[in-house]
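Structure first, then comments.
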Amino acid sequence: GRIYIGSYEEFGYWEKTSTNQMVYHSLMPLLKDKKLRNTEIWKIAQVDDKIYFQGFSALLVYDGQTVRSIELPGPIVFMLKGGKRLFVQAVKGNLFEIINDKLVNIDRDNVLRNTEVKTVLPYSKNLFIIGTSSNGLYIYDGKTIKPWEVAANSLLKECQINNGIIFDNKLVFGTIVKGVFILDSVGNILFHIHSGNDLQNNTVLSLFNDNNKTIWVGLDNGIDN
């Protein structure tokens, strides 16, 4: 019944009143002495009964009563949700998982330091597929992160992964250079949708799948499905 939002030095939620009017409630007062100076909230995610708000220099968790700040190693890139787990990457640094509202380094071998993590997708029990902007796909087994040596990887490296979703047991990746790739569970390319066939243009800024099994693609030039 709430719509959570973030903006420049502000975050909170909209909620309907008994007369169906939308009223905004700021969560800034719950921060007390902490200020969000020059901080913009970019990502919001819900895990169970907690809401997480993320900016490049702030990571906040709201439990319905209080707001707490999670300590960061420095500036972070976008927060990413994989199933019911949350991940963040330090700028030009390691990939962390948010566990018990603390950042735990899962990139112990520093394999992701020279690329940007764009998506973390639940692959199977305790396995995740990590999509990066320049180095293609990796697989995380809960202990180590290794390149996922599949046929599609070389092409995805060239096309620069920007986001990803799970759709009907398939892996869907949006890219900066060449539209959308749909892979089967073992990494074979089933479909490649781009400006030469169905898309308005090739730069995929967002992906979403709805309850009617439709993929929505947010592009530089609008929305396709």
Polar side-chain atom of [X] near backbone of [Y] as donor-acceptor pair, under 3.5 Å:
{"X": "N169", "Y": "S185", "result": "no"}
{"X": "D63", "Y": "Q65", "result": "yes"}
{"X": "Q89", "Y": "T115", "result": "yes"}
{"X": "Q54", "Y": "V77", "result": "yes"}
{"X": "D210", "Y": "N212", "result": "yes"}
{"X": "S195", "Y": "L199", "result": "no"}
{"X": "Y24", "Y": "G12", "result": "yes"}
{"X": "D109", "Y": "V111", "result": "no"}

Which residues pass the side-chain contact (heavy atoms from CB on, under 4.5 Å) test with F191, sequence neighbours left out? I182
Are any of the side-chain heavy atoms of [X] and [Y] separated by less than 4.5 Å?
{"X": "W148", "Y": "Y123", "value": "yes"}
{"X": "L137", "Y": "L183", "value": "yes"}
{"X": "Y13", "Y": "L27", "value": "yes"}
{"X": "V204", "Y": "N163", "value": "yes"}
{"X": "L121", "Y": "I130", "value": "no"}
{"X": "N110", "Y": "N94", "value": "yes"}
{"X": "L219", "Y": "D224", "value": "yes"}

Against W216, only a single residue in L207, N225, I165, N209 fulfils side chain to side chain contact (heavy atoms under 4.5 Å, CB included); can you say which? N225
Let me know which of L86, L80, I129, I106 forms a side chain to side chain contact (heavy atoms under 4.5 Å, CB included) with V120. L80
[X]/[Y] ion pair, N-O < 4.0 Å:
{"X": "R113", "Y": "D107", "result": "no"}
{"X": "R68", "Y": "D101", "result": "yes"}
{"X": "K143", "Y": "D141", "result": "no"}
{"X": "E97", "Y": "R85", "result": "yes"}

Within 6.0 Å of CZ in F208, more than 12 heavy atoms from elsewhere: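 No.
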So ring-ring contact (aromatic ring centres under 6.0 Å, His included) across residues 159-185, not counting sequence neighbours, yields F181-H192
Candidate pair R2 and W14, rule side-chain contact (heavy atoms from CB on, under 4.5 Å), full reasoning: CA-CA 6 Å; R2 293 180 177 180; W14 294 86; over 6 Å; no
